Each structure stands twice: as structure tokens, then as C-alpha cells.
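Taking it in order: structure first as C-alpha cells, then the write-up.
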Number of protein chains: 2
Amino acid sequence: MEQQSRLAGTVRPGGRTARTRAAVLEATQDELVECGFHGLNMDRVAAKAGVGKTTVYRRWGDPAGLVTDLMAELAESSAPHADTGGIEGDLLANALNVLGAVTDPRLGATFQAVIAAATGNEAAAAALNDFYLRRIRAWAPVVDRAVARGELPEGTDGMEVIRAVSAPLYYRLLVTREPVDEKVAEHAAARALAGARAGAFT
Amino acid sequence: MEQQSRLAGTVRPGGRTARTRAAVLEATQDELVECGFHGLNMDRVAAKAGVGKTTVYRRWGDPAGLVTDLMAELAESSAPHADTGGIEGDLLANALNVLGAVTDPRLGATFQAVIAAATGNEAAAAALNDFYLRRIRAWAPVVDRAVARGELPEGTDGMEVIRAVSAPLYYRLLVTREPVDEKVAEHAAARALAGARAGAFT
DNA sequence: GGCCAAACGGGACTGCTGTTCCATTAATGC
DNA sequence: GCATTAATGGAACAGCAGTCCCGTTTGGCC
């Protein structure tokens with residue numbers, strides 16, 4: 001049932017195989033937007049992608065395999081961090097970046113699907129961990145630069161500050177299910193900054 | 001397919017009906033610990049509870065209905081907040097309380113299941129929102145008392161501070177899938193406190 | 001204690017998910 | 001270009017989740 005879904009191990013990654021994968025992942029995202037993860041249907045994905053359902057089952061195994069591959073795909077194409085010249089602007093940019101991602105219909109549906117899939121699926125959990133670790137590492141330098149500029153205390157943990165900015169947004173989105181908007185994003189950035197200035201992240 | 005799962009609307013809530021519900025919810029939690037939400041099987045739950053599977057389908061409809069009812073049950077029996085005499089101890093107690101809940105095998109499995117169910121199920125999402133709103137309201141007074149004692153700035157938003165303590169724990173648990181331990185809990189409490197003292201929660 | 005209807009239980013049934021088999025297509029290496 | 005074989009597609013098949021029907025049990029009420 002469980003099987004590797006990454007294209008990496010295939011012997012013939014070019015041409016048809018790559019086209020099939022692109023079409024299937026595209027169709028998967030469409031389905032996620034319409035039906036969510038729990039409504040993700042392998043047959044419909046295959047039909048919408050224009051490939052045989054045998055192919056989908058063989059290469060991805062189950063819905064969790066599809067969203068795991070989708071997440072791996074997103075991990076490749078991560079945008080670089082901002083540089084507004086000051087830590088306040090950089091953290092706000094990070095918060096708005098997260099807000100934009102979870103608010104975007106396609107991306108938001110994908111993130112929620114992977115998070116749902118990751119409860120009880122080791123591969124999906126690993127893909128999720130990989131994605132966010134990359135993202136946090138990519139943004140941590142904005143904190144390091146602020147430390148170098150003297151805006152934040154020496155020894156401030158950049159990755160922890162970045163985590164602190166994202167956490168409230170995801171907490172509301174996933175746990176309390178309260179609305180997530182610009183105000184929440186601004187507060188998240190401001191509070192992480194206040195904690196960092198107070199030396200709570202050293 | 002979707003149907004109300006709460007016992008509230010039943011005409012005969014006593015005797016057999018209540019026993020059936022208790023047995024089914026107990027069996028559901030057992031299954032969640034063993035198989036997780038995606039492996040939750042209505043037939044096995046019915047068998048383990050010693051009731052007919054028709055009954056389970058009729059009253060709860062689907063796995064999401066089961067975990068939603070379970071969450072509603074947990075919402076009833078919420079523990080009162082701590083009172084250590086100081087805001088630092090109270091917030092730490094809150095963080096350790098959350099840590100204990102998500103670390104406990106039965107509770108943790110239940111929370112993760114409801115969170116997974118809530119992506120794409122309105123009833124589960126509502127139960128989740130209700131549970132956490134109750135919990136946050138129950139703990140907010142520790143902040144209000146601290147403000148009254150002069151430990152925190154006037155106008156500090158108690159509910160927001162409580163949210164800020166929980167958020168990093170759930171963020172790690174659900175999103176980045178990093179380990180959650182006492183150190184993380186202590187940091188979460190300390191950073192929320194630092195932000196509050198700096199006036200970031202007013 | 002007895003009546004009535006709500007709630008339950010068992011078993012047959014159905015449709016869909018996921019598998020298997022084999023023929024067909026096309027990517028790779030020469 | 002041509003041979004090899006990885007990868008795909010279609011169709012038949014199997015198993016189980018979820019539904020339906022109807023007889024049985026039991027809680028609420030007088």
C-alpha cells in the first residue's frame with residue numbers, strides 16, 4: 001500500500017513520466033481546492049489528469065502519497081527572504097508571507113491537506129518537516145543581520161524568532177480555527193520582535 | 001451522510017443510549033491511539049464497543065462525527081487554571097498543562113484526530129473552536145490577576161497572552177513536526193511573558 | 001406494571017476503492 | 001534508426017465501507 005512517491009528513484013525521469021507527474025500533481029491541487037484532503041479521490045485525480053488510474057495508484061499509492069509529493073514539489077520552489085533594511089519590516093514581511101500562503105486558495109488547501117495527511121503518515125510528516133525547516137532556515141538570516149546591526153541582543157536564535165512569527169498564525173488556522181488576517185500577522189511579528197528585543201530568544 | 005452527533009437532541013438520553021455512547025466513545029479513543037484518525041474504522045469501533053455497526057453509522061455518521069463528539073465530551077470536563085501566585089509560574093503551569101495534554105497518548109491522539117478531521121468538516125472545526133475558546137477563557141484570568149497585581153502593563157489582553165503560550169507548542173506538533181518537550185514549553189511561557197511585559201499584548 | 005415509540009441489532013445488499021493482469025506506448029542507449 | 005524495457009492504460013476482479021430493511025429490545029410515561 002505504502003510506496004515511494006518521489007520521482008527521484010525512477011529510471012526514466014524525462015518525457016512522459018515527467019509530464020504525467022506534472023499533470024497528476026496539478027489535478028491533485030485542483031481536487032484539494034474543491035474537496036479538501038478527506039474528499040481527495042484517486043480515480044477523479046487520474047481522470048482529471050488524463051492518465052490511467054493504475055498509474056496513479058502505482059506511483060503514489062494513496063491520497064497521502066499525492067499530497068506528500070506535492071509538498072516536496074513546493075519545497076523546491078521556495079521564495080527567498082525579504083530585506084527591508086530593518087528587522088521590524090523583515091519580520092512583518094515574513095508574517096505577511098505566511099499569511100499570503102495560507103490565505104491563497106491553492107496553497108492554503110495544499111498546506112491543510114498535508115497537515116491532515118501527516119497525522120498518521122510518516123512520509124507526509126517528513127515532507128512537512130523538511131519544507132518548514134527549509135523555510136525557517138531561509139528566513140533566519142534576517143535575524144542574524146539584525147543582530148549584526150545591533151538591533152537585537154547578541155546570541156538571539158534566528159530560527160526561533162522566525163518560528164515565533166509563524167506559530168500564532170498556524171495556531172489560529174489549525175487549532176482554534178479563528179480567522180487569520182493582516183492584524184493577526186502584524187501582531188505576530190510585533191510580539192516576536194518584542195520578545196527578541198527583551199532577550200527572550202537568546 | 002452528515003448528521004448531528006451530539007446526544008443533546010435525543011429523546012431518550014438515559015439508560016441504554018448513554019451506555020452506548022460511553023462505550024462507543026471509549027472504543028473510539030482506543031482505536032485512535034492504535035490506528036490514528038485515518039485508520040479509524042467504524043466497524044471495528046462498533047465491535048470493540050459491543051454495539052451494532054448500524055447504531056454507530058446512524059448516530060455518528062462517519063469517523064469525523066465520532067471524534068467531534070469525543071471533543072465535545074472533553075470540552076465539558078476542562079480542568080481549572082492554576083494559581084501559583086505569580087504570572088511567571090501561572091504561564092509556565094499553562095504551558096506544562098498543554099504539554100501534558102498533547103503528550104498523553106489518549107489525549108494527544110484525540111487532539112490530533114480532531115485537528116485532522118476539522119480540515120474539511122465544519123462540525124469538527126466548530127467543536128475544536130469551542131473547546132479551545134473555553135480553554136483560553138478559563139486561563140485568561142491568570143493574566144488579568146497579574147495586571148491587577150501590577151506585574152503586567154494595564155490593558156494587557158489576557159486571551160492573547162494565553163494563545164501566545166500555546167501557539168509554539170502546537171506549531172511544532174502539527175506544522176514543523178519537531179519534538180515538543182519541557183524545554184519548548186518553558187521557552188513558550190518565558191517568551192509570551194517577555195512580550196507581555198514589553199507591552200506587546202496591550 | 002403496562003403501553004408505545006425510540007433506539008438498537010443482525011444480516012443482506014450495493015457501489016466504490018484499490019488490485020491484478022497483460023497488452024501497448026515511448027524513453028533511453030547504442 | 002533500432003532494440004530494449006520502463007512506464008503506462010484498460011478492463012476485469014475482489015473486498016470492504018456504508019446503506020437498507022425489519023424484527024427486537026428497552027427507556028419514558030401514565
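Naming: A, B, ... by sequence-line order, numbering from 1 per chain. Not measured: the values here are computed from a predicted model.
- In this structure V180(B) satisfies the side-chain contact (heavy atoms from CB on, under 4.5 Å) test together with L99(B), L169(B), R172(B), L173(B), sequence neighbours excluded.
- For residues 76-112 of chain B, the set of pairs meeting the ring-ring contact (aromatic ring centres under 6.0 Å, His included) definition, not counting sequence neighbours, comprises F111(B)-F131(B).
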Only pairs under 3.5 Å count here: list side-chain donor-acceptor contacts from residues 46-56 of chain A, not counting sequence neighbours, and write none if there are none.
from, atom 1, to, atom 2, distance (Å)
K48(A), NZ, E31(A), OE2, 3.2
K48(A), NZ, E34(A), OE2, 3.3

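- With sequence neighbours excluded, the residues satisfying side-chain contact (heavy atoms from CB on, under 4.5 Å) with A118(B) are R177(A), A124(B), A125(B), L128(B).
- Closest heavy-atom contact between S166(A) and V98(A): OG-CG2, 3.8 Å.
- By the side-chain contact (heavy atoms from CB on, under 4.5 Å) test, A109(B) pairs with L32(B), V33(B), sequence neighbours left out.
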Donor-acceptor pairs are to be reported for all side-chain atoms of residues 188-198 of chain A against protein atoms at under 3.5 Å, with residues two or more places apart or in another chain.
from, atom 1, to, atom 2, distance (Å)
R191(A), NE, A200(B), O, 3.0
R191(A), NH1, E160(B), OE1, 2.7

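- A sub-4.0 Å separation between OP1 or OP2 of dA7(D) and a side-chain N or O of T55(A) is absent.
- For V51(A), the listed nucleotide lying nearest its side chain is dG9(D); candidates were dC8(C), dG9(C), dG9(D).
- A sub-4.0 Å separation between OP1 or OP2 of dG18(C) and a side-chain N or O of Y57(A) is present.
- Remark: side-chain polar atoms of E151(A) are paired, donor with acceptor, to backbone N or O of I87(A) under 3.5 angstrom.
- Near DNA chain C, meaning a heavy atom under 4.0 Å from it, residues 33-43 of chain A has N41(A), M42(A) in order of number.
- The shortest distance between the side-chain N/O atoms of R44(B) and the OP1/OP2 oxygens of dA17(D) is not below 4.0 Å.
- Taken over five-pair windows at either terminus, the axes of the helix from dG1(C)-dC30(D) to dC30(C)-dG1(D) are inclined to one another by 60° (rounded to 10 degrees).
- R16(A) places its CZ atom 10 Å from the P atom of dT25(C), with the value rounded to the nearest Å.
- Separating the CZ atom of R21(B) from the P atom of dC8(C) is a distance of 12 Å, rounded to the nearest angstrom.
- Within the structure, side-chain hydrogen bond (donor to acceptor under 3.5 Å, both in side chains) contacts touching residues 131-146 of chain B (residues at least two apart or in different chains) are D83(B)-R145(B), D90(B)-R145(B), N94(B)-R135(B), N97(B)-R135(B), D130(B)-R134(B), Y132(B)-Y170(B).
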Which pairs, protein N/O on one side and nucleotides 11-14 of chain C N/O on the other, fall under 3.5 Å?
from, atom 1, to, atom 2, distance (Å)
dG11(C), O6, T54(B), OG1, 3.3

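- Between W60(A) atom CH2 and dT19(C) atom P there is a gap of 15 Å when expressed in whole angstrom units.
- Between R59(B) atom CZ and dC8(C) atom C1' the separation is 10 Å, expressed in whole Å.
- Under the side-chain contact (heavy atoms from CB on, under 4.5 Å) criterion, A127(A) pairs with T68(A), M71(A), not counting sequence neighbours.
- In this structure, R19(A) reaches the dA27(C) phosphate: one of its side-chain N or O atoms is under 4.0 Å from OP1 or OP2.
- Shown here are the side chain to side chain donor-acceptor pair (under 3.5 Å) partners of T176(A), two or more places apart in sequence or in another chain: E178(A).
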